[in-house]
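To keep things clear, I will list the structure first and then write my remarks on it.
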Amino acid sequence: MRAFTYERATSVEGAAKAAASNSQAKFIAGGTNLLDLMKLEIETPTHLIDVNGLGLDEIETTSDGGLRIGALVRNTDLASNETVRGDYGVLSRALLAGASGQLRNKATTAGNLLQRTRCPYFYDTNQPCNKRQPGSGCSAFGGFSRQHAVVGGSVTCIATHPSDMAVSMRTLDAVVETVKPDGIKRSIQIADFYRLPGETPHLETVLEAGEFITAVTLPPPIGGKHIYRKVRDRASYAFALVSIAAVIQPDGTGRIAVGGVAHKPWRVEAAETELPKGAKAVVSILLGDARPTEQNKFKVDLVERTLGAVISEARG
């Protein structure tokens, strides 16, 4: 790990300004992803801004009946919150499927959204990776691509986003609240928060330099059956080959988002209109533009089978 300087932020605005003034600075809270990346010299910040003292660790009901989750709420506290468990069960289930208890005790809401891909070529600094070093190439093409994206990728990157929580929040139409270094606040629909790789896979979100996440807001509860199903190579806290976050209503309509198949949580609202017809009809639209490799083409069938199981569970 390379040497770095450190400061404790005393205000949100101060943290954002400090980050904007130093392009090599990073925010740190739980550090469950960043510290690993620093040890491997994938991330090499020269300055860390500790934001743990900013008090953004509350879960509050909003005036319209929704829920506001502070950026520093730990995953354990979020998953066990009575309101989350009762009204946003898909979120609680996704968090519990996402990591061990020890990691959930440290990981934060904002950090979970911002965690970086677990692509093995991203983690291997001896291999070319456009996400880690723009313009160097993508080793997944022609390499081992079983875990990689089948939809939404580009010629520069086919990595997948690892967050379980983000998939459930995409189903719930969450909104990410931020503050820029100049004090301007933004509310970003999670549908617009993540970028597809295109020609710039190293740019993963729409956040600007120094922009700081303060909270995530959930709309009022939508009822229905909340299900999070994660298919992985081993049962003990592996990242998803495929995951499905679903909220299914009694009449068979609902919402679904899929993890493990794209550079971001994958949801196509037009596909959801086919839910009453069954999984095959949904997947024909949801993954209609899929371009899998020979090694991961099984994911298309796996999404259909997993969604079929989710629909069956919702129907009882």
Side-chain angles (χ1 to χ4, degrees), residues 30-33 35-37 74-81 84-85 88-109 111-113 115-124 140 144-151 158-172 225-248 256-267 279 283 286-287 292-293 295-316:
T32 57
N33 189 202
L35 292 178
D36 284 343
L37 295 175
R74 306 292 164 168
N75 287 178
T76 293
D77 296 330
L78 185 57
S80 62
N81 179 269
V84 173
R85 291 175 63 191
Y88 305 96
V90 67
L91 173 57
S92 180
R93 290 173 172 85
L95 286 164
L96 293 174
S100 67
Q102 294 93 330
L103 286 173
R104 292 198 304 271
N105 288 342
K106 292 296 292 181
T108 62
T109 299
N112 194 312
L113 291 178
Q115 63 182 299
R116 307 202 68 187
T117 184
R118 264 53 179 195
C119 171
Y121 300 109
F122 174 74
Y123 270 78
D124 185 352
F144 184 70
S145 58
R146 183 171 181 272
Q147 295 275 357
H148 287 74
V150 298
V151 68
I158 53 172
T160 57
H161 194 273
S163 172
D164 293 282
M165 186 187 78
V167 181
S168 67
M169 285 191 166
R170 179 67 181 92
T171 304
L172 295 169
K225 181 79 170 180
H226 288 230
I227 300 169
Y228 189 78
R229 184 164 292 215
K230 182 176 181 178
V231 182
R232 43 194 167 182
D233 282 328
R234 67 177 191 274
S236 179
Y237 305 114
F239 293 98
L241 285 171
V242 161
S243 66
I244 292 181
V247 179
I248 309 294
I256 58 166
V258 184
V261 299
H263 204 252
K264 63 179 184 178
W266 194 254
R267 182 180 173 196
V283 172
L286 181 71
L287 299 181
T293 68
Q295 293 177 12
N296 69 13
K297 62 183 181 181
F298 73 92
K299 284 192 176 187
V300 178
D301 292 332
L302 186 57
V303 170
E304 183 179 326
R305 292 198 298 273
T306 306
L307 179 57
V310 166
I311 293 171
S312 294
E313 181 181 343
R315 291 173 178 169

Main-chain N/O of [Y] paired with [X] side-chain donor or acceptor, under 3.5 Å:
{"X": "N33", "Y": "R116", "value": "yes"}
{"X": "R118", "Y": "F239", "value": "no"}
{"X": "K299", "Y": "Q147", "value": "yes"}
{"X": "W266", "Y": "L287", "value": "no"}
{"X": "N296", "Y": "H148", "value": "yes"}

*First locate atom CD1 of I248, then atom CD1 of I227, and finally report the distance between them rounded to the nearest 0.5 Å.*
6.5 Å
*Rounded to the nearest 0.5 Å, what's the gap from OH on Y121 to CD1 on I158? Could you check?*
9.0 Å
*For H226, all residues meeting ring pair (Phe, Tyr, Trp, His ring centres under 6.0 Å), sequence neighbours excluded*: none
Partners meeting side chain to side chain contact (heavy atoms under 4.5 Å, CB included) with [X] (sequence neighbours left out):
{"X": "A245", "answer": "V90, V167, S168, T171, Y228"}
{"X": "A166", "answer": "L113, H161, S163, Y194, P265"}
{"X": "N105", "answer": "T76"}

Counting only pairs under 3.5 Å, give me each side-chain donor-acceptor contact of residues 300-316, with atom names and distances, residues two or more places apart or in other chains.
residue	atom	partner	partner atom	Å
T306	OG1	L302	O	2.7
S312	OG	G308	O	3.1
E313	OE1	R229	NH2	2.9

*Give the minimum heavy-atom separation between T117 and A159, together with the two atoms involved.*
OG1-CB, 3.6 Å
*Report the residues that fulfil salt bridge (Lys or Arg N to Asp or Glu O under 4.0 Å) with R232, sequence neighbours left out, ordered by chain and then residue number.*
none
